[in-house]
There are 2 protein chains.
Amino acid sequence: MTSHTVIIIEDEKQTRRFLRLSLEAEGYHVFEAETGGEGLKAVASRKPDMVIIDLGLPDMDGVEVVKKLREWSTIPIIILSARSEEKEKIIALDVGADDYLTKPFGTGELLARIRVALRRAISNEQAGNGTFSIADLTIDLIHRKITKMGEEIHLTPIEYRLLSVLAQHQGKVLTHSFLLKEVWGPNQMDNAHYLRIYMSQLRHKLEKEPVRPRYILTEAGVGYRFAVE
Amino acid sequence: MTSHTVIIIEDEKQTRRFLRLSLEAEGYHVFEAETGGEGLKAVASRKPDMVIIDLGLPDMDGVEVVKKLREWSTIPIIILSARSEEKEKIIALDVGADDYLTKPFGTGELLARIRVALRRAISNEQAGNGTFSIADLTIDLIHRKITKMGEEIHLTPIEYRLLSVLAQHQGKVLTHSFLLKEVWGPNQMDNAHYLRIYMSQLRHKLEKEPVRPRYILTEAGVGYRFAVE
DNA sequence: TATCACCTTTACGTAATCTTTACACTTTCC
DNA sequence: GGAAAGTGTAAAGATTACGTAAAGGTGATA
């Protein structure tokens with residue numbers, strides 16, 4: 001099982017440290033960003049599973065960060081707010097944040113909120129139990145585990161994200177630009193070649209006959225799709 | 001069931017009389033208008049279920065009436081044209097008319113066209129699910145999947161685009177230039193031969209007897225249409 | 001600072017698709 | 001009846017898209 005990745009966008013050093021320690025103790029993989037701009041870049045490049053954003057950032061309003069993020073991503077967002085930031089907190093939730101924590105908060109509350117947000121994100125994407133299977137393949141989105149004939153298969157982060165997007169839209173043809181946006185972010189939308197490389201890798205890891213794929217199907221000139229049945 | 005209301009915009013008294021009698025015998029509710037201007041007003045005030053427009057009107061070109069009507073209404077429009085009005089007929093279809101009848105025409109043909117246009121309008125209102133079906137054919141625009149008797153059929157990008165345009169205007173006559181613009185873009189509008197090639201390919205993939213097509217119908221000199229029911 | 005896993009870039013053979021060309025058939029009009 | 005225009009089909013040529021391997025880069029980790 002791969003651990004979930006969280007990005008913390010927070011300017012105060014001590015809060016950052018507290019968050020990192022609390023999350024790493026639970027097995028999360030943590031990255032930090034000190035400013036909004038930095039944070040947005042980090043989300044685009046690292047593709048975390050969730051983001052924690054402090055509302056009182058120096059360069060950019062936390063609300064702005066949430067808004068910008070929501071232009072292309074549905075990633076879970078939890079905001080941290082001081083008691084004085086009541087109004088902004090509401091606005092941040094309005095523009096798409098998932099949940100909030102009012103400082104000061106304890107570790108237990110923090111972790112509970114994170115678990116809820118992650119679970120909701122997964123079940124939102126796939127109404128159901130978060131697992132898919134086709135023939136001898138199973139994809140468990142909650143535990144981030146892929147098995148082929150019972151054996152676990154190791155996927156790199158990009159491979160995993162690509163496969164989970166495909167699986168969540170099982171049967172539907174996903175265009176190149178959609179897949180690129182979902183997996184690599186909005187800055188790589190013209191790089192369709194990445195898809196070919198990673199589709200090839202996925203096929204070699206998942207398919208019996210990578211040359212004649214049964215799961216990952218190509219729609220020439222359009223995109224790819226994950227087979228049903 | 002309430003009877004459908006039809007407005008006839010036609011200057012010749014005898015044609016008007018013929019239409020009125022034919023339609024009223026079928027239970028339609030009929031209003032008449034002698035000029036384009038009058039007709040437009042009547043459509044606005046009486047809110048009919050469809051309009052029949054003669055192309056040879058005294059005050060305003062029939063094409064103009066169609067154009068003006070389409071600025072605010074999606075009501076089904078059938079045009080009546082003399083043999084000499086071939087060009088205007090195509091323009092009228094291009095600007096949004098649904099179907100046409102070339103004089104002289106019989107009652108049977110008239111009523112059949114009216115039924116098709118009304119049915120199309122009704123199914124358009126209830127549309128939105130993104131799937132179409134006719135006989136043993138289903139077109140799933142969401143999953144980008146075509147099936148014939150349950151079996152999936154592979155289409156190339158152009159074939160798919162062409163079929164989806166046809167299906168989305170089921171029952172309506174689509175001119176060559178309209179189809180070319182929709183599928184190949186505005187730079188290929190004179191290349192009507194592409195249509196023949198791809199219509200042939202579609203028929204061979206979709207029809208039981210490609211030589212006697214049931215779904216993809218040719219309107220000689222005008223364009224194509226996708227059959228209803 | 002060396003190593004490792006991963007991502008990105010580059011290169012090239014193959015496959016799928018689109019366009020062009022050719023020709024037979026049908027309908028329409030003189 | 002014959003020419004002309006419109007239509008359908010087949011097959012070649014041209015173009016674009018795809019899959020794969022392998023080298024180069026990057027960042028995390030110890």
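Sequence lines set the chain letters: A, B, ... in the order given, protein chains first and strands last, and positions in each chain run from 1. What you see is a predicted model; the values in this text were computed from it and never measured.
On the nucleic acid side, DNA chain D contacts chain A at distances under 4.0 Å to non-hydrogen atoms, with the end points of that region at dA17(D) to dT29(D).
The side chain to side chain contact (heavy atoms under 4.5 Å, CB included) test applied to A117(A) returns M50(A), P76(A), I78(A), not counting sequence neighbours. With sequence neighbours left out, A112(A) forms a side chain to side chain contact (heavy atoms under 4.5 Å, CB included) with R115(A). R161(B) is linked by a salt bridge (Lys or Arg N to Asp or Glu O under 4.0 Å) to nothing, counting only residues two or more places apart in sequence or in another chain. For K148(A), the salt bridge (Lys or Arg N to Asp or Glu O under 4.0 Å) test picks out no residue, with sequence neighbours left out. With sequence neighbours left out, H154(B) forms a side chain to side chain contact (heavy atoms under 4.5 Å, CB included) with E219(A). In terms of the side chain to side chain contact (heavy atoms under 4.5 Å, CB included) criterion, residue partners of Q201(B) (sequence neighbours excluded) are, by chain and number, E159(B), I197(B), Y198(B).
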Open item on the list: Treating primed atoms plus P, OP1 and OP2 as sugar-phosphate and everything else as base, which nucleotides of nucleotides 14-30 of chain C get B, S or - for protein heavy atoms under 4.0 Å?
Closed with: --SSBBBBB--------
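Rounded to whole Å, the distance from CG on L195(A) to P on dT8(C) is 11 Å.
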Determine all donor-acceptor pairs shorter than 3.5 Å in which one atom belongs to a side chain in residues 180-192 of chain A; sequence neighbours excluded.
{"unit_1": "N191(A)", "atom_1": "ND2", "unit_2": "Y194(A)", "atom_2": "OH", "d": "3.2"}

Which donor-acceptor pairs under 3.5 Å do side chains of residues 61-69 of chain A form with protein atoms, sequence neighbours excluded?
{"unit_1": "D61(A)", "atom_1": "OD1", "unit_2": "V63(A)", "atom_2": "N", "d": "3.2"}

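Contacts of residues 33-51 of chain A with DNA chain D (heavy atom under 4.0 Å): R46(A).
Each end of the helix from dT1(C)-dA30(D) to dC30(C)-dG1(D) gets its own axis, taken as the rotation carrying the C1' atoms of four end pairs onto the next four within a five-pair window, and the two axes meet at 30° to the nearest 10 degrees.
With hydrogens and angles disregarded, a donor-acceptor distance shorter than 3.5 Å links the side chain of D140(A) to the backbone of H143(A).
Remark: D11(A) CG to T15(A) OG1 distance equals 8.0 Å, nearest 0.5 Å.
Of all heavy-atom pairs between P213(A) and V211(A), the closest is CD-O, 3.3 Å.
Tested against D98(B) for a side chain to side chain donor-acceptor pair (under 3.5 Å), the candidates R120(B), H169(B), K172(B) yield a single pass: R120(B).
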